[in-house]
Amino acid sequence: MPKDPLEKVKHLHADAATTRPGGRTARTGEAVMEATLAELSEVGYAALRIDSVAERAGVNKTTIYRRWGDKAGLVATAFIERQSTAAPPRDTGNLRGDLMALLREMRRVLRTPWITALLSELGPRSAESGGVREVLDKIWPERFRESRTIFVRAMERGELPADASPDFLLEAASGPLYFRWLMLGRPLSDAYLEKTADFVINGARAGLTDTDTGSGS
């Protein structure tokens, strides 16, 4: 069976567990993560070079290769480390409050320079981006499952029809933000988030589900 792509980045978590806080290993890991994200923000994924990260972090490049393997492993680890602290979706007591909180969190993430650079460049799978995409494929599904709970809660509270599709509603809510920010380069104002939330909620209450979208052209 193919090796789990997460295996090559699990060791950073092991470092944190087996070294004392503030120890040299932990400091090195933090310096490299910060340097990786800084380089990613400035030059993007394709142009990112291990040599530049090492120089910025003040470490030997062999240290990076030994601990993170390659560029894909390095960037994927940085993503995991920085995104592992994300809070689960808030329960405000009603769907609109939950959805607005989720959309604001999505906006915060999208506004992060290194995330914008990474998402803008990945595009279709390729030899260059395949390593990172494989690891992100392990992360996104879990985030997706967490985020969809706001619609599951709404169905349980009777705010949405029993046959509503949490998966489709999450896609309908998040898709406009990604397209507007990454493709059009337009701002994600509070007013835009509110219009998006109301559009999705009203559509859901009107009975729109993923089965209504059709599968053909």
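Atom set for the values below is all heavy atoms of this structure, side chains included, hydrogens, waters and symmetry mates excluded. Index from 1, following the sequence.
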**Student:** Indicate yes or no for a side-chain donor-acceptor contact from T149 to the backbone of E146 under 3.5 Å, with no hydrogens or angles considered.
**Tutor:**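 Looks like yes, one N/O pair under 3.5 Å.
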**Student:** Taking only residues two or more places apart in sequence, or in another chain, which ones meet K195 in a salt bridge (charged side-chain N to carboxylate O under 4.0 Å, His left out)?
**Tutor:**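 K195 satisfies salt bridge (charged side-chain N to carboxylate O under 4.0 Å, His left out) with no residue once adjacent residues are dropped.
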**Student:** Measuring only between side-chain heavy atoms, which start at C-beta, is D98 closer than 4.5 Å to P89?
**Tutor:**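 In short, these two side chains do not touch, never coming nearer than 4.5 Å.
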**Student:** Should the pair R56-E42 be classified as a salt bridge under the 4.0 Å nitrogen-to-oxygen rule?
**Tutor:**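 Looking at R56 and E42, the cut-off is met.
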**Student:** For the residue pair L169 and R148, establish whether any side-chain heavy-atom pair is separated by less than 4.5 Å.
**Tutor:**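 In short, these two side chains do not touch, never coming nearer than 4.5 Å.
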**Student:** Side-chain contact, heavy-atom cut-off 4.5 Å: R66 with T63?
**Tutor:**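 SC-SC contact between R66 and T63 confirmed.
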**Student:** Going through the checks in order, is the side chain to side chain contact (heavy atoms under 4.5 Å, CB included) test met by W68 and V75?
**Tutor:** CA-CA 9 Å; W68 292 280; V75 172; over 6 Å; no
**Student:** For the hydrophobic clusters of this structure (ILVMFWY residues joined by side-chain heavy atoms under 4.5 Å, transitively), does one cluster hold both V43 and I50?
**Tutor:**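 Both belong to a single hydrophobic cluster.
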**Student:** Under 3.5 Å, side-chain donor or acceptor atoms of residues 175-184 against the rest of the protein: list the pairs with distances, not counting sequence neighbours.
**Tutor:**
{"unit_1": "R180", "atom_1": "NE", "unit_2": "P187", "atom_2": "O", "d": "2.7"}
{"unit_1": "W181", "atom_1": "NE1", "unit_2": "L110", "atom_2": "O", "d": "2.9"}
{"unit_1": "W181", "atom_1": "NE1", "unit_2": "T116", "atom_2": "OG1", "d": "3.2"}

**Student:** Can you tell me if CZ on R157 sees more than 12 non-hydrogen neighbours from other groups inside 6.0 Å?
**Tutor:**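 It does: R157 CZ has more than 12 such atoms within range.
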**Student:** Where do R49 and K71 land on the side chain to side chain contact (heavy atoms under 4.5 Å, CB included) test, with the steps shown first?
**Tutor:** CA-CA 7 Å; R49 297 292 178 264; K71 181 170 71 172; 3.8 Å; yes
**Student:** Look at R153 together with E156 and state whether they make a salt bridge at an N to O cut-off of under 4.0 Å.
**Tutor:**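 Looking at R153 and E156, the cut-off is not met.
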**Student:** Go through the structure and list residues passing side-chain contact (heavy atoms from CB on, under 4.5 Å) with E194, not counting sequence neighbours.
**Tutor:**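 Testing E194 for side-chain contact (heavy atoms from CB on, under 4.5 Å), a comparison that skips the adjacent residues, returns R96, M100.
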**Student:** Please answer whether the main-chain N or O of N94 pairs with a side-chain N or O of T92 as donor and acceptor at a distance below 3.5 Å.
**Tutor:**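 Confirmed, T92 side chain pairs with N94 backbone.
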**Student:** Rounded to the nearest 0.5 Å, how far does CG of L95 lie from CZ of F151?
**Tutor:**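 With rounding to 0.5 Å, CZ (F151) is 6.0 Å from CG (L95).
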**Student:** Can you tell me if R107 uses its side chain to pair, donor with acceptor, with the backbone of L188 under 3.5 Å?
**Tutor:**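 Judged by distance alone, yes, a pair lies under 3.5 Å.
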